Amino acid sequence: MSAETDFIWWKHGVLCEIWPRSYYDSNGDGSGDIQGIIQKLDYLAELGIDGIWLGPVNKSPMVDSGYDVADYRSIDPLYGTMADFEQLLAEAHKRNIHIIMDMVVNHTSDQHAWFKESRLSRDNPKRDWYIWHDRKRGRPPSNWKAAMGGGVWQWDNATKQYYLHSFFKEQPDLNWRNPAVRQEIYATMRFWLDKGVDGFRCDVLNYFLKDDQLRDNPTSLSAGIFNGFQKHLYSRSQPGMEEILRQMRAVLDGYKDRMMVGEVFVAQDGPAMAAAFMGDGDLCHLSFEFSLLFTKWDAARFKEMINGWFAVLSAKGWPCNVLSNHDQPRAVTRWAAGADTQKRAKVMAALLLTLRGTPFLYYGEEIGMPDSPIKRGDVMDTVGKMYWPIVKGRDAERSPMQWNAGPQAGFSSVKPWLPLNADYSEINVAAQEKDPLSVLNFYRRLIALRREKPALQRGGYEQVPSDKNILAYRRTYHNEEILVILNFAGERKVQAIDSSKRWKVLLGTQRSSESAIDKDGLAVYPYEALILEEDK
Ligand code: NOJ
């Protein structure tokens with residue numbers, strides 16, 4: 001527990017995203033499940049986390065790995081039963097671990113009962129729960145491109161209208177301008193909150209509203225292939241979300257200590273959009289900012305991105321930081337493939353756990369687990385199936401957790417749903433638990449340190465001048481001052497530190513608490529991560 005009494009779990013704690021299908025298979029069917037997560041709660045508690053963001057577990061035809069929900073008030077049998085879920089909540093709460101569910105309500109599956117009704121006829125009572133439109137001069141009503149390729153409009157021959165889908169055609173978008181839709185979603189939130197769920201990670205919040213005049217998006221070559229070479233001026237990030245966010249927030253505020261974290265990402269909008277969705281801390285409690293996921297391994301670029309993110313937050317906004325998730329190659333694969341992977345993994349760990357804001361780990365990040373390269377025949381993600389070999393999909397970053405060096409990496413008793421990484425005999429939890437210098441033990445120490453030091457949990461943040469290969473910053477809280485020095489280079493660099501103060505090592509990759517700190521220019525080791533505290 002924190003030294004401070006006003007510890008807010010989602011703000012001062014550490015959260016971890018778990019991809020349920022890949023965490024631990026308890027019933028020998030090759031896929032991870034809820035009982036599997038229950039069995040690993042002690043491991044997560046020992047790691048020191050305060051909350052789990054559970055990837056989607058509602059009933060789904062799995063066209064988009066569960067981001068296509070067919071029933072919001074159910075658990076998909078692949079993962080278990082409602083009783084399993086309730087047990088997960090109870091067991092997690094016993095260990096002070098909170099559970100956030102993925103709430104995927106920009107769209108449903110086309111197999112959802114609402115959509116099945118909606119498509120029956122133009123005058124069906126559920127028609128207006130989705131976005132249907134006539135042809136416009138023999139063509140789709142707008143030129144908008146879907147995030148998964150192609151246009152957003154799908155022709156429905158039975159009723160001779162198009163419906164809109166921002167992702168796959170099997171994921172029709174709900175009509176958030178319809179009050180009945182809103183009320184039903186809010187009731188669904190209450191359904192889960194009543195069970196004790198601690199909050200929601202809200203999928204693509206900034207896609208909910210679309211321009212009601214359906215104006216065409218401007219072409220933009222620089223927007224790139226993934227944005228369909230257009231600026232999504234009218235199809236995403238529309239005004240009017242504040243009202244919806246306030247309504248969602250009011251639902252949450254009817255309960256104690258619940259939260260929502262928004263996924264608010266459109267590269268064209270930058271961090272300002274993510275910040276706007278938090279308002280003054282009165283809309284989303286947190287919202288993801290993904291710039292670091294797309295930044296190269298370069299201390300100077302990191303400085304710029306971090307400054308950019310912190311600068312747009314309102315005085316009451318609170319950052320949350322993420323280096324990996326289920327949609328992008330893992331951080332160690334992006335930034336540390338090849339040499340010195342584990343050393344660089346520790347630099348990333350130190351960054352994530354000492355930056356101002358709530359850290360979100362991605363399962364396996366704590367052992368420096370890389371992506372598992374995928375072959376054509378093993379592809380599960382529809383993105384990979386559709387666009388191979390140009391785009392291979394997101395399976396590589398969703399591979400099974402590497403628990404030990406035994407058969408199936410200790411993940412399952414049978415062949416897993418996705419191939420295991422070939423490196424699992426070396427990179428796994430059991431091996432790293434035994435090695436005091438492992439990435440896992442470094443994460444554990446960092447998380448414990450963060451819990452102990454208010455300056456890391458909630459202190460101010462200020463960058464310190466440094467060599468271009470070093471990212472250095474100061475975290476301060478009352479009279480506590482902590483200095484973090486991260487060397488992104490594989491060479492020694494020098495860092496000037498305030499020589500009027502005495503410094504002691506709190507945690508470092510290359511030094512112990514006994515190491516003396518040379519004040520007139522600290523020689524920082526290659527890929528060193530060093531956390532100092534002013535010794536008073
Ligand atoms: C964002 C999710 O993270 C991604 O995995 C999914 O494909 C889309 N939203 C659509 O729900």
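Since the model is a prediction, treat every value here as computed from it, not as a measurement. As the structure lists them, so they are numbered: ligands from 1, and atoms in each ligand from 1.
- In this structure the side chain of W53 never reaches within 4.5 angstrom of the side chain of V261, judged on heavy atoms.
- For the pair R450 and P359, the minimum side-chain heavy-atom distance is below 4.5 Å.
- At the shortest separation from atom 8 (C) of ligand 1 among protein heavy atoms lies F167 CE2, 3.8 Å.
- For the pair I49 and L15, the minimum side-chain heavy-atom distance is 4.5 Å or more.
- Below 4.0 Å from some heavy atom of M148 lie the following atoms of ligand 1, by number and element: 7 (O).
- In the vicinity of R398, heavy-atom distances shorter than 4.0 Å reach the ligand 1 atoms 5 (O).
- Each of the following atoms of ligand 1 lies closer than 4.0 Å to a heavy atom of V204: 9 (N).
- In this structure, atom 3 (O) of ligand 1 lies nearest to the protein heavy atom D327 OD2, 2.5 Å.
- Heavy-atom proximity to R394, at under 4.0 Å, picks out these atoms of ligand 1: 4 (C), 5 (O), 6 (C), 7 (O).
- Contact check for R301 versus T295: side-chain heavy atoms found under the 4.5 Å cut-off.
- Neither the backbone nor the side chain of Q328 comes within 4.0 Å of ligand 1, counting heavy atoms alone.
- A cation-pi geometry, defined here as NZ or CZ lying under 6.0 Å from the six-membered ring centre and within 45° of its normal, does not hold between R344 and W335.
- Going from atom CH2 of W129 over to atom CH2 of W114 covers 5.5 Å, rounded to the nearest 0.5 Å.
- D64 OD2, 2.6 Å is the protein heavy atom nearest to atom 7 (O) of ligand 1.
- Distance from atom 9 (N) of ligand 1 to its nearest protein heavy atom, with residue and atom name: D203 OD1, 2.9 Å.
- In E17, neither the side chain nor the backbone holds a heavy atom less than 4.0 Å from any atom of ligand 1.
- Within the listing of ligand 1, atoms 10 (C), 11 (O) sit less than 4.0 angstrom from a heavy atom of H107.
- Between W10 and H98, the ring centre distance reaches or exceeds 6.0 Å.
- Each of the atoms 2 (C), 3 (O), 4 (C), 5 (O) of ligand 1 lies under 4.0 Å from some heavy atom of H326.
- Here the straight-line distance linking atom CE of M101 with atom CD1 of I52 works out to 12.5 Å at 0.5 Å rounding.
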